[in-house]
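First the proteins, then the strands, lettered A, B, ... as listed; each starts at 1.
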Amino acid sequence: MDQYPDEHEEFELQYQDEMELLEDMPHEYDAVDDGPSTSHQAAAALEQQQQQQKPGANASTAAAAIKDVSRFSNPTLSSPQLSQISFGATQTDAGGGGHVNRRLFGTPRGPTVGRGCSTPLQRMPAIEEVANITVDNETPLPNAASEQLQELGLRGTNKRRLERDLFGDIDDLYHESYEDPMVKKARTEEQRDNEAIERILELRRKLRETSKTVRHDDVSRLRALHDFKMKNLSYDIPSWPFLALQRSDLERLYVRFHSEDYERRQLELLSARGDLIGSLLGEAKQQVWQEANELVLRRLAPATQPVNAAADPSSPDMGRLWVDKYKPRKYIDLLSDEMTNRSLLYWLKMWDKVVFGKVFHSKQEQQAANTGASGAQQLNSFNKRTGKFESNGGWRQRKARQALNTNVDELGRPMQKVALLCGPPGLGKTTLAHTIARHAGYNVREINASDDRSPEAFKLALENGTQMSSVLNQDKRPNCIVLDEIDGAPRQSIEYLVKFVSDGIFSKVKAKGAKAEHNVLRRPIICICNDIYDPALRPLRQIAFVVNFPPIDSARLAERLVQIAKKEHLKTDFGSLIALAEKSGNDVRSCISSMQFFNVQKHSLTLQDVLNNNLGQKDRHQGLFDVWGAVFRIQRPKKQLQQSSSNNPEEPVQVTMTNMSVATRVRNVLDVVHSSGDYERLTQGVYENYLQQKMPDPNFTGICEALQWFCFSDTLQHQISRQQSYSIYPYLQYGFVVWHLLFATLAWPKIAFPTRGFEFNQKYTNQRNIFLSLRKGVTTSAQGVGQGNTLLLDTVPLLKRILSPQLRSVAVQLLSQKEQYDLRHTIQVMVDLGLTFVQVKSAEGHYVFQTEPDLDTLCAFPGYTGLTLPYFSRQLIAREVDLERIRRAAPKGDQAAATKSSAAAPVAVTKQKPVAARLPNHLQTLKPKQITDFNAPKQQLTKDFFGRVTHKTSAASAAEEVKTDAIVKSPIWYRYKEGFNNAVRKDVHLNELL
Amino acid sequence: MALWVDKYRPRELSKLDYHKDQAENLRNLCKQSDFPHLMFYGPSGAGKKTRIMCLLREMYGAGVERLRNETMSFTTPSNRKIEVMTVGSNYHLEVNPSDAGMYDRTVVIDLIKQVAQTHQIDINGQREFKVIVISEGDELTKDAQHALRRTMEKYVATCRIILSVNSTSRIIPAIRSRCLGIRVPAPSENEMTAVLQSTCKREGLVLPPELAKRVVEKSERNMRRALLMLEASKVQQYPFTAQQQIAELDWQVYLRETATQIVSEQTPAKLEKIRDRLYELLSQGVPPNLIFRGLVEQLVNNCDMSIKAKTLEYATQYEHRMQNGAKHIFHLEAFVAQFMNIYKKFLAELVMTDDF
């Protein structure tokens, strides 16, 4: 009912090259005024309002009601209610007029009873009856009843026109199924008419009953009526001028034509009887004519004239919230950014292929769809069309900020199957989603925070919404799920949603016939959230078509507010509305609510009011940069507001936004900081930026003070996190005030996002990990290097030098004595500390040898050399270290053999000379006598078999230990068995046997 | 055992190079049946760990030297897994709870208690208790120290705890009173020179006395550091010369340069550069209190007598505050800025007095 398509928008709509898109939506211009009237609720609500308004008032008759209504009506803005009422009145009036109107409005053969007052004669007494009802508490009822009567009589016609003109009705209740509107229409309309008739009869009966008690001059009136009838109506051709009419029972009637003089006389007569009725016939008739003319005019030029039916004059209702009342009902009413609206609509239209089986783009197709043509033709032309609309997506290419993937998958669905609207509250996200979904022909199913959103319930709702359609409801529109306030939903639910949305494809691939088909998502889902960076939304964000809601331009919002103010007769000016818009952060909802509040309070809204009230202020979440900006910047005086206040002479002088005193600044900073709340990050941001600010601070006093506060807030934060003493949390914000007072300038500050703290943390963790792995590798033989910080601070820096011997790049054998010693030493140290060189590919692409764990990065300061080993030495050491490792890992007995066999390690030979003196195992077995020498003590040893015994003997004599160890510990045992012949291969010559 | 630090480490109490009286006392302590909990305290590199190992060897014999590395993992109440490396023999167990960071309480509760509860099976061992060596005990959080209190009393029959700490001030009084404190002072310069000389002799090297003296000076009477420096110098250049360059610790040099820069220029831009350097030091794992100390030492050396006291006063103030905070960089920078402030004022006054 309300719509304020401003001229600007209108122009935009008309002349943009993407008109097709807009054309796509049903033309509702000519239907707007009928829209609400088709719904029972709307009518009922209206009546209620009227009832509410009237109790106690003297003018309680139907006529008065109409008069009331007409007084409120803006002649250019016709309301649906009014038009109905007056339409009914037209018919009661002179028959000729009624005839014309009927044809004009396309109302054929309405049931006579349903019309309620097909002849003036029948109509008159009813009106008179009502008029004479005395004022008592019961009055609203008959009054309402009569009103309803009139409306019901009209509903059929209005409804019909609506359906014919509209494809996408805004009213769900009475909309007919999408597939075959023509077939259904006839039947349903008939039913509805019957219903209406019944209701009217019922209402009329009620009316009679209630008014029976107050009927006093029944008989005289009936007689007068009869006289009137006799004078003006005739079945035969009368002598007076007439107009021929045909009744529903095909009986021909002749209605008398009166001259204007007569008419006036009659009216005067009537008004003499009761002025209320007089006014009814006089003013109401004029009103009706006006209305009718306007309707005709509007019908003739529907596109050019913006229809402002919204100013529902009949309801200066107090009970209804303006926010609801002036809620956009149609696409063109939307106040939000046009780009946003378009992109969302475009996305939704991309679903048409799947949902409706038609391509949305073309105009002809749109018309064809409207007339209910089957989708087969469109399907054929689909491929061709897609090629077309992908190439000519003009506005999408111009502004690519909304990343809408225009590709479709094999089913013809858009690649992004979920749209995610995000933006601060009060911008109309929910309204947009609902409007656009209805607009595109969907039935909106909303799931919001008030619903149960546990994973199970969520699952159920999703599946129901996407795979079923309502059977009880006559409405056969497909569903579109709107998940409102999704950022509050549990994480599991969102994960399920993501799976649900993306899973469709996979289960399709699995291809299990009908079952798999069910899993494919075939309905669009729109999600709405405030904070898109909510961690729970991360998976959704990646797959969704994200629509960011830019804030509404405050001038545009103010324009709309002006319109509303005009409708509601609120005294205000543009400047204060702009101030209101700015103050509320361009929150439409809070603006309108504030206006309503002021309207109720004193019917005016001034700049003073806006500035002096905390209306519209709320906890707005501000970006970090805004907060930092507020800390480092002194707000400039706002000139615009000053002007508007000075323009208005009534405004008191003390209205100043320019007051930038310290107190104001302090309050400002506190407000801003408080609204953000993430003190730790804010502090870090200030810390990393404050030195860049321009400040005259030669003695460092300011910086010192600032740093004192940094220390203070750090201490506080530490205590809070350690002891959970959040009672000291509020003190954190005062640091920002000090920083503001110290460093804020009028210039625009350059603020960089604080990364140092984060980088520091990362580097620290990295270093710590390297250090831990180094520490883990230290073997027991190198405990002297210390643990913890000692290892890191004392040992590591020096270790780098110890591990950097100067080696010439020659073969190992050619190294000098010192070099060999150094090399050996290096190898030993590295093995002790568990270090190796490994070959890795550097960032430049060539191979380098790096210590593992990476010693070079530990304790590495810019400008200081780490390991100075050249590539060759590293390679050499790497190999030697590996060999040494193997050697150490080998059992002790084998070590000597291993050292001998490895010719590449001449260094080791020198070192292991004492070990080499001990004979290897296999050689020992060849000297059985040596063992037999020690047979006697060895017998004792073997008695207690376990190693512990040898341990004891080790204390006894060292010389013994060496030899016994060699046998006891060696993994291979040989035992000579006497009397047993081992087969030994030996060459035997024949002559030895002979 | 390739590093000299390990190679020439005294293994027995009788072979210790210095603090011989103390060694005698320790040996006597072992002979007594009532071996108490011990707390060795002294600066880093003084020989605390060496003495602990010698003491253990004195008690248990050579078996103590059969060390093995073990990595134990624990699950904290918050379900985080932490790993702690332990070194132990049959007779003792050495842990460094600072490996676990802020979860060291779990280590104390789980590991130490578990070890303390188990009885020694080997009857042949001289002692019926095990020893738990906690190195870097002053890194234990207060929570962990409190957890340790009761354990120390309750399982005194089966285990003794030897703490090795740098400063007793960070040990809660309850623990301090339960332990016999043994102070291990840093060796004197002469003692250190002697150790260096004997080490070189055993390696078959010739060490000029001047170089030895310089190494000792550089090492700040830290034995470990001195030996490592000597070894690094040896790798860099052998035969030794008296004036050869001695390897220094990078972070100390870096810190010294930072201090020089602070004195050289006092502008916000410089302060920002200093901040970068401080961040660098911190991220390399240099503890903030060491940074504080290094800075103050250098600054006090480089500034006029009249502002020395003030510098120290501010340093103490900011360092104390730092202990109560978590973001060390704030406090470090605050101190630097404060120094810049007083230094600038001092310079300005100097100019003014010169004028008149």
Under 4.5 Å to a heavy atom of chain A? For B/Asn222 that would be side chain
Distance-only criterion, 3.5 Å: show the donor-acceptor pairs between side-chain atoms of residues 764-771 of chain A and protein atoms not counting sequence neighbours.
unit_1: A/Thr765; atom_1: OG1; unit_2: A/Asn761; atom_2: O; d: 2.5
unit_1: A/Gln767; atom_1: NE2; unit_2: A/Thr857; atom_2: O; d: 3.1
unit_1: A/Asn769; atom_1: ND2; unit_2: A/Thr765; atom_2: O; d: 3.4

When you measure from the centre of the six-membered ring of A/Tyr687, is the NZ or CZ of B/Arg275 under 6.0 Å away and within 45° of the axis? yes
Okay, B/Val87 and chain A: the region with an atom under 4.5 Å from a heavy atom over there is side chain
Bottom line for B/Glu94: the part with an atom under 4.5 Å from chain A's heavy atoms is side chain
Honestly, the part of A/Glu688 sitting under 4.5 Å from a heavy atom of chain B is both
If one checks every heavy atom of B/Glu248 against chain A at 4.5 Å, the contacting part turns out to be backbone
| field | Centroid-centroid distance, A/Tyr690 to A/Phe710, less than 6.0 Å | value | yes
Q) Is there a side-chain contact between A/Ile728 and A/Ser725, using heavy atoms and a 4.5 Å cut-off? A) yes
Bottom line for B/Val336: the part with an atom under 4.5 Å from chain A's heavy atoms is neither
Honestly, the part of A/Lys818 sitting under 4.5 Å from a heavy atom of chain B is side chain
So, the part of A/Glu680 with a heavy atom under 4.5 Å from chain B: the answer is both
Hits for side-chain hydrogen bond (donor to acceptor under 3.5 Å, both in side chains) against B/Asn69, two or more places apart or cross-chain, chain-then-number order -> none
The interface call for A/Arg722 against chain B, heavy-atom contacts under 4.5 Å, is neither
Is a side-chain donor-acceptor pair under 3.5 Å present for A/Gln717 with B/Lys327? no
